[in-house]
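We use all heavy atoms of the structure for the numbers below, so side chains are in, but hydrogens, waters and symmetry mates are not. This structure is a prediction, so every number in the text was calculated from the model and none was measured.
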Amino acid sequence: MTMLNPRSLRWQLTLRLTVTQAAILVAVQLLFFAAYGIGWYLGYLNNGMYDWAHPQAIANAIHRNEDGNLRLEETEELRALRASTPGFWFVARDMEGRQLSEGQPPALVADAVPLMDLIAYADLGQDGEKSAPALATVQWADSRLGKIKVMSAAGGRVTVEQILRSSSSIVALTLYLGFIAVIAVLLATPFVVRRAFRGLDSIAEQTEQIDIEQMGTRLSTRDVPLEITPFVKAVNDALVRLDKGYEGHKRFLADAAHEMRTPIAILTTRLAALPQSPLKSRLLEDSTRLTAIAGQLLDLQRMEQQKVAFQDVDLVELAERVVMDLAPLAFGAGYELSFEPEAELVFVLGDAVAIERAITNIVQNAINYGGREGTILVRVASMGWVEVCDEGPGIPEADREQVFEAFHRLKQDGRGVGLGLDLVQKVMHLHGGRVELAPRKPKGACFRLVFPGPLCV
């Protein structure tokens, strides 16, 4: 798929936009938590105090005796807490109601000790503005014995570890939401990029429709990004120049063909007056080929510039006329000429002049390249196709596709310019039919002109 191709601009934009937005999201989160932690650590938030400092340190130091009662084990954290807290005190209870205490609670909060079981979390002795730390705090804390409720002096200088621990749930939630946001961006960005490229896709579709026979085609700048508009205009300017050049080329070919017809006709007339000889036959062949080339050029001009009106055309009559016209040329070149219609009348809908030129070109092609021996067979089938077959060397398999291209010649022998079969193909396309190389055994070439139905026989 183009979207997943690393060389695709869509893929690069999608990937880079997604990575950039994800990086910005992570950076914003990190900056927020950094500012939050620094502000708390320096005292700008909550006076730099941590309400869970005392309860957690006490819970970490509580153990159980063999009789199940609670006991306090001296820890570095507990000694540091005692040293930093004048009048250190606490009351701790486990889930079974066993209690452990040390020191004397302040008088203002002493009456709350019996009510600890009714209090889940609380800050005691704090004013309404919360401008100063509370006198005491009641917190649930995790210990090796499970949950322990601790009432102790509030406050305690916050540490980096405590900041990370207290914000872990928020960090996890933020990361989870960030992950969802990244996925949403990853899914939405290709759609947004595809919408942004809609104008370019339209330009690509229009470009595929450009053809040499459809002059005047221009690319639309509608919905095209502003940065691409100069390129589209440059392409349109190039198309204008190509149209002008092609139009001049066609005019030149048409004018040249018209100018050639008169001297060719004079040359043919003078050759016909010469005494009969092998040289005269060869010269008449060459004159006929010149006449055919001029006619081919004029036929191309006519088909490209005029809308041909179709009518009922009898293939048998046309093919017979071509055979009669080219019989002297074929006999002079050493061939026998055979005409085999399968029916008296075979009608197709088309342009008689163009079809006659197509059949003429195929027969002349057989005369030129049939090896100057054997029989040239012209057959009109009742199914609506015309076959011209010779017994010459045939067409190599490698050239069977290119043989219908303009100016393509199997041999550079001066017998033509490679327009005959190209014109035949154009005529058949004009009629909605086709020209094909039919199987020919044991040797030779066999061209088949296939016209579409319905047919009248």
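- You'll find the side chain of Val435 stays beyond 4.5 Å of the side chain of Val450, heavy atoms only.
- Residues Phe90 and Ile58 share a closest heavy-atom pair of CB-CD1, 3.2 Å.
- Inter-residue side-chain proximity for Arg448 and Val386 is flagged as unmet; no heavy-atom pair is nearer than 4.5 Å.
- Under the 4.5 Å side-chain criterion, counting only non-hydrogen atoms from C-beta, Val138 is not in contact with Val150.
- Contact between Leu377 and Glu340 at its shortest, heavy atoms only, is CD1-CD, 3.3 Å.
- Closest of all the heavy-atom pairs between Val346 and Ala381 is CG1-O, 3.7 Å.
- Contact between Val316 and Ala343 at its shortest, heavy atoms only, is CG2-O, 3.4 Å.
- Side chain of Asp390 to main chain of Gly392: a donor-acceptor pair is present (N/O by atom type, distance under 3.5 Å, no hydrogens or angles).
- Side chain of Asn65 to main chain of Gly68: no donor-acceptor pair is present (N/O by atom type, distance under 3.5 Å, no hydrogens or angles).
- For Asn365, the side-chain hydrogen bond (donor to acceptor under 3.5 Å, both in side chains) test picks out no residue, with sequence neighbours left out.
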**Request:** Test side-chain contact (heavy atoms from CB on, under 4.5 Å) on Thr20 and Ile24 and set out the steps.
**Result:** CA-CA 6 Å; Thr20 301; Ile24 292 174; 3.9 Å; yes
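- The shortest distance between side-chain heavy atoms of Leu72 and Glu102 falls below 4.5 Å.
- By the 4.5 Å heavy-atom criterion applied to side chains, Leu70 and Leu145 are counted as neighbours.
- Across every non-hydrogen atom of Pro105 and Val113, the tightest pair is CG-CG2, 4.1 Å.
- Under the 4.5 Å side-chain criterion, counting only non-hydrogen atoms from C-beta, Phe447 is not in contact with Glu436.
- Other residues, nucleotides and ligands place no more than 12 heavy atoms under 6.0 Å from the CG atom of Asp111.
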**Message:** Show, in sequence, the C-alpha distance, side-chain angles and deciding distance for Ser143 and Ile148, and conclude whether the side-chain contact (heavy atoms from CB on, under 4.5 Å) test is met.
**Reply:** CA-CA 7 Å; Ser143 74; Ile148 293 181; 3.2 Å; yes
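- The distance from the CD atom of Gln364 to the OH atom of Tyr369 is 11.0 Å, given to the nearest 0.5 Å.
- The aromatic rings of Phe310 and His431 lie parallel to each other, their planes meeting at an angle below 30°, with 60° marking the opposite boundary.
- Annotation for Met151 and Val109: closest pair SD-O, 4.5 Å, computed over non-hydrogen atoms.
- Side-chain contact between Thr137 and Pro55: present, with at least one pair of heavy atoms (C-beta onward) separated by less than 4.5 Å.
- Under the 4.0 Å criterion applied to side-chain N and carboxylate O atoms, Asp94 and Lys149 are not assigned as salt-bridge partners.
- Atoms CG and CZ, on Asp314 and Phe347 in that order, are 4.5 Å from each other to the nearest 0.5 Å.
- Looking at Arg93, its side chain never comes within 3.5 Å of a backbone N or O of Gly97 through a donor-acceptor pair.
- Taking CG from Leu315 and CG from Leu345, the interatomic distance works out to 10.5 Å, rounded to the nearest 0.5 Å.
- The side-chain heavy atoms of Leu349 and Val313, taken from C-beta on, include no pair separated by under 4.5 Å.
- Partners of Glu73 according to the side chain to side chain contact (heavy atoms under 4.5 Å, CB included) rule, which considers only residues two or more places apart in sequence or in another chain, are His63, Arg71.
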**Request:** Starting from the C-alpha separation in whole Å, work towards a yes-or-no answer on salt bridge (Lys or Arg N to Asp or Glu O under 4.0 Å) for Glu74 and Arg82.
**Result:** CA-CA 11 Å; Glu74 291 295 325; Arg82 282 199 184 100; 2.8 Å; yes
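- Residues that satisfy the salt bridge (Lys or Arg N to Asp or Glu O under 4.0 Å) test with Asp142, not counting sequence neighbours, are Lys147.
- A donor-acceptor contact shorter than 3.5 Å is absent between the side chain of Thr85 and the backbone of Phe88.
- Between the side chains of Asn60 and Gln56, at least one donor N or O lies within less than 3.5 Å of an accepting N or O.
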